Structures are given as structure tokens and as C-alpha cells.
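Read through the structure below, which is laid out as C-alpha cells, and then see the notes.
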Amino acid sequence: MKTLEQIGNELVGYDPLALNADLVGNFLDQLVEPVTETEDVGIFAALGRVLAADIISPVSVPPHDNSAMDGYTFDGAQLRPGSALTLKVVGTALAGKGWGGVVSAGECVRIMTGAIMPTGLNTVVPQELVTIADDWVTVPANILKPGDNRRFQGEDLMRGQPALQKGELLTPAALGLVASLGIKTVPVLRRLKVAYFSTGDEILSLGEPPREGAVYDSNRYTVFGLLTRLGCEVIDLGVVRDQSEALEAAFVQAALQADAIITSGGVSVGEADYTKAMMKKLGDVAFWKIAMRPGRPMAVGHISREKLASSPYIASASSYIHNSKQAQHTHDNGSTSTTGNAVLFGLPGNPVAVMVTFLAFVRPALLRMMGCTASAPPLLKAQTTEAIRKKPGRTEYQRGVVSTAADGTLQVKSTGNQGSGVLSSMVQANGLIVLHHAQGNVAVGDAVDVMMFNGVI
Ligand code: AMP
Ligand code: MG
């Protein structure tokens with residue numbers, strides 16, 4: 001595992017105090033590693049999990065050449081350009097009940113969609129195209145080529161080929177594909193454990209009476225939702241006071257149980273230094289100022305096992321943590337144990353900044369930790385319906401509502417107030433307008449990139 005210093009030194013243009021948002025993903029890619037422990041689960045339990053090994057198809061799908069149409073099947077070699085072809089019907093092939101007879105030249109078999117092609121036959125004429133007289137059908141001239149309307153054995157999947165690959169996220173379509181092969185259980189990577197807590201003395205937990213200057217903790221719930229949608233196991237540690245002992249206990253407890261720790265608040269300049277000081281004390285952590293809006297400050301790194309070992313909270317934390325990572329790792333088949341070495345994402349406190357930094361940086365890093373190899377969904381292009389002021393030199397993520405314009409193209413409108421505390425803008429929006437680092441002002445009708453939420457939020 002590389003240290004933060006090594007990663008930073010190797011990254012061209014890395015400046016932690018004015019960090020180009022485009023470099024963050026690259027940095028985090030090197031900071032995090034995929035989990036290695038696997039388990040076998042039934043198909044129903046596999047939804048949203050990451051496949052731990054290729055699924056090799058034990059069968060061909062479809063298992064036989066079959067008809068794509070209801071019609072008549074015959075040997076297509078008899079077709080002559082410019083001539084109709086009249087054939088005698090000698091039998092019927094149904095789906096699930098084939099026809100085993102021998103078919104000679106000048107003969108055909110009535111066939112249903114999905115029925116196995118009788119031996120020696122390769123062409124199907126749809127029933128609506130023929131004329132029928134008693135046991136005879138006539139195929140009009142020039143409407144078919146040999147091989148038409150036949151589905152090949154294995155055209156969906158060929159036996160022995162990978163049907164799904166290691167690292168794929170198991171979607172509803174993937175579950176169906178697994179089932180189509182007759183497979184009941186699949187190997188998946190273990191779920192990622194992510195601990196989360198909010199920091200700040202002004203943050204109220206639900207149930208506490210309101211008090212002047214204090215706000216209810218919303219980040220706890222947005223982060224819970226984002227992590228749950230991602231398929232992570234969430235370890236919710238609530239609100240932690242700006243106080244060394246409480247923070248140390250929370251970090252120790254989180255690091256012993258989780259692969260990753262997400263905090264919100266306490267990392268901006270001018271904060272009481274407790275959160276930052278504790279991150280420094282227990283880990284190898286970089287404090288970034290990212291050239292972006294919203295979400296400038298962010299801390300990333302590792303809580304280190306060595307530093308954790310000397311914490312007075314380790315004994316008390318271990319005693320009440322069940323099913324901890326330590327327990328997990330006794331089943332670990334030789335992979336590098338990360339016990340106590342949790343990855344840390346210290347997010348800013350502002351509710352929109354939390355969501356944006358999560359979507360832009362934390363989510364892709366967590367997917368990598370989950371072992372998922374899928375590339376990020378592409379940004380879409382939409383025409384902005386209003387001018388947007390934008391300074392070059394920082395990346396901006398504006399909340400937008402994307403819709404279809406009268407001409408069928410995509411258009412996007414900002415949700416209005418883009419303040420980093422305006423959480424209602426995230427509720428109204430269906431995507432983020434991504435204004436890139438070097439980009440300047442945007443005029444009405446310009447195409448901008450949008451990152452759609454698509455069920456992620
Ligand atoms: P900070 O990054 O700690 O300076 O916080 C920035 C702003 O976000 C402040 O107005 C905080 O009150 C607010 N904030 C911090 N944490 C939370 C939270 N968990 N829920 C709602 N608002 C928060
Ligand atoms: Mg604060």
C-alpha cells in the first residue's frame with residue numbers, strides 16, 4: 001500500500017492546497033484496494049453484490065438451433081432467384097416437442113417459434129408470407145435467403161464462455177442471465193463495511209430539543225441513504241461532539257469495524273481543530289482544499305493500525321464490537337488484512353457539499369473497494385436553458401433538472417439557489433450540471449455536461 005506522500009509525489013500537478021478536482025479520482029484509485037473475501041449466495045440475495053469470479057456458462061443458450069417465427073421450415077438450398085417454391089408439409093415441430101422425421105427435397109415442416117429446427121433444415125418462412133393449399137405451401141419468389149428466421153444454438157451464450165465477469169455488479173438483468181444458465185448460487189465479494197459519523201457541537205440528533213444556533217443532523221441520513229443504495233453495510237455512529245476523547249473513541253470504534261470511515265464536518269479552515277487533530281493523531285491523512293464548488297475542504301487517508309494500537313480506547317471498543325473486521329479476517333484466505341487500517345473520507349459539513357463530494361469522489365472509490373470494475377456512467381450533454389456564471393480554475397457541480405425539449409434533445413435548468421447548505425436543491429434536482437475546471441461562463445443554449453442521479457440518490 002502506498003503512503004499518501006508517495007501517491008502525491010507521483011501525481012503530476014498534485015497540490016493539496018489547490019487541488020484540481022480531476023486529480024482526486026486518480027489519487028483515490030491508488031489509495032484504496034478492493035476487498036478479497038468471498039461468499040456464495042443464492043440469486044435473490046445476490047442483487048447489487050459484486051461478482052467474485054467469472055460465471056462460465058455450463059450450457060449454450062439457446063441450447064439448439066430453433067425457429068424465430070411461426071411458419072414453415074425447409075432446406076434453403078432449394079430457393080432459386082426469381083422463382084416461387086412449392087413444398088409439401090410433412091409434419092409439425094412445436095416448442096418443447098420437436099419433429100424427429102426425415103425431410104426430403106420438396107418437403108417442409110410446420111414450425112412454431114422456439115421449436116428445435118429439424119435435422120437438415122435451416123430456413124423458416126413466416127406463415128403470413130405463404131399461400132396454402134391442402135398440404136402444400138408456396139413461398140413467393142425473392143422474399144427469403146437461406147438461413148432466414150433461424151436462431152443459432154448459443155447465439156446468446158456459448159457453453160464454456162464467460163457469461164458474466166468478475167467485478168460485475170449484479171443487476172436484475174444479470175440475475176436473470178444467471179438463472180437462464182440453471183445456476184442457483186453465485187460467488188460474490190463480501191459487502192463493504194462503512195462507518196459514518198457527523199461531527200460538530202452545533203449538530204443536534206433527532207429527538208433533541210431545538211436550541212439557538214444548532215441544526216438537526218441531516219448528513220447522517222443522506223450518507224446512510226447513499227451507502228445503502230450502493231449496497232454497503234452501514235455502521236452508523238451518530239453525532240460525535242467536538243471533543244478529543246469522544247472523537248478518538250469514535251474513530252477507534254469505526255476503524256475496528258469498517259473498511260472505510262466517512263465523517264462530515266470539522267475539516268474546513270477555521271474549524272475548532274479537534275477533528276483534524278484526531279485524524280492526524282490516528283492516521284496518515286491529507287487535508288485538501290479542492291478547487292471545486294460546493295465542497296472545498298476534504299480529508300483523505302488511512303487510520304493506521306499501528307497508531308490505533310496505542311489508543312486507550314482500543315480495549316473498550318473491541319469488547320463491544322461483534323462481528324468486527326478482525327473476526328472476518330480469520331476467514332481471510334491469505335489476502336492482505338486491513339484490520340484497523342480503514343480508509344478515511346473526511347467530508348465537509350455542508351449538506352450539499354457532503355452529497356456532491358460523495359458522488360464525485362467517495363462513491364467511485366467505494367465501488368473500487370467493493371471490487372466493482374464497471375466504468376463510471378458517461379456524462380450526458382444537455383442544452384442549458386439559462387446563462388450560468390462560472391469562473392475558470394475550479395470545478396462546479398450545480399443542481400439541475402434535466403428534461404426533454406420540444407425537439408427531443410435534452411435540456412437542463414438549474415434549481416436556483418446553489419448554496420452548499422440548500423439541501424432542497426438536491427431533492428428537486430435529477431442531476432448535477434458539471435462545469436469543468438477550465439470552463440468559463442455558459443450562455444443560453446450551450447451544451448453542458450450532466451451527471452444524472454438515476455436512482456443513485
Ligand atoms: P463545517 O464543515 O463543520 O464547517 O460545517 C459547515 C456547515 O455545515 C455548518 O453550517 C454546519 O452547521 C453544517 N453541518 C455540519 N454538519 C452537519 C450535519 N451533520 N447536518 C447538517 N448540517 C451540518
Ligand atoms: Mg463544524
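Remember, it's 1-based here, ligands and their atoms both numbered in the order they're listed. Values in this document were obtained by computation on a predicted structure and should not be read as measured data.
At a 4.0 Å heavy-atom cut-off, the residues surrounding ligand 1 are Ser198, Glu202, Ile203, Val215, Tyr216, Asp217, Ser218, Asn219, Ser264, Gly265, Gly266, Ser268, Glu271, Pro348, Gly349, Asn350, Pro351, listed by chain and number.
Glu10 has a carboxylate O that lies under 4.0 Å from a charged side-chain N of Lys2, or vice versa, which qualifies the two as a salt bridge. Between Arg394 and Glu396 there is a salt bridge, with a side-chain nitrogen of the basic residue lying less than 4.0 Å from a carboxylate oxygen of the acidic one.
Scanning both residues, Ala214 and Leu204, for their nearest heavy atoms gives CB-CG, 3.7 Å.
For the pair Gln161 (side chain) and Leu157 (backbone), a donor-acceptor distance under 3.5 Å is absent.
Two residues are said to be in side-chain contact when any heavy atoms from C-beta on lie closer than 4.5 Å; Leu164 and Val178 meet this criterion.
Tested against Arg190 for a side chain to side chain donor-acceptor pair (under 3.5 Å), the candidates Thr36, Thr38, Asp259 yield a single pass: Asp259.
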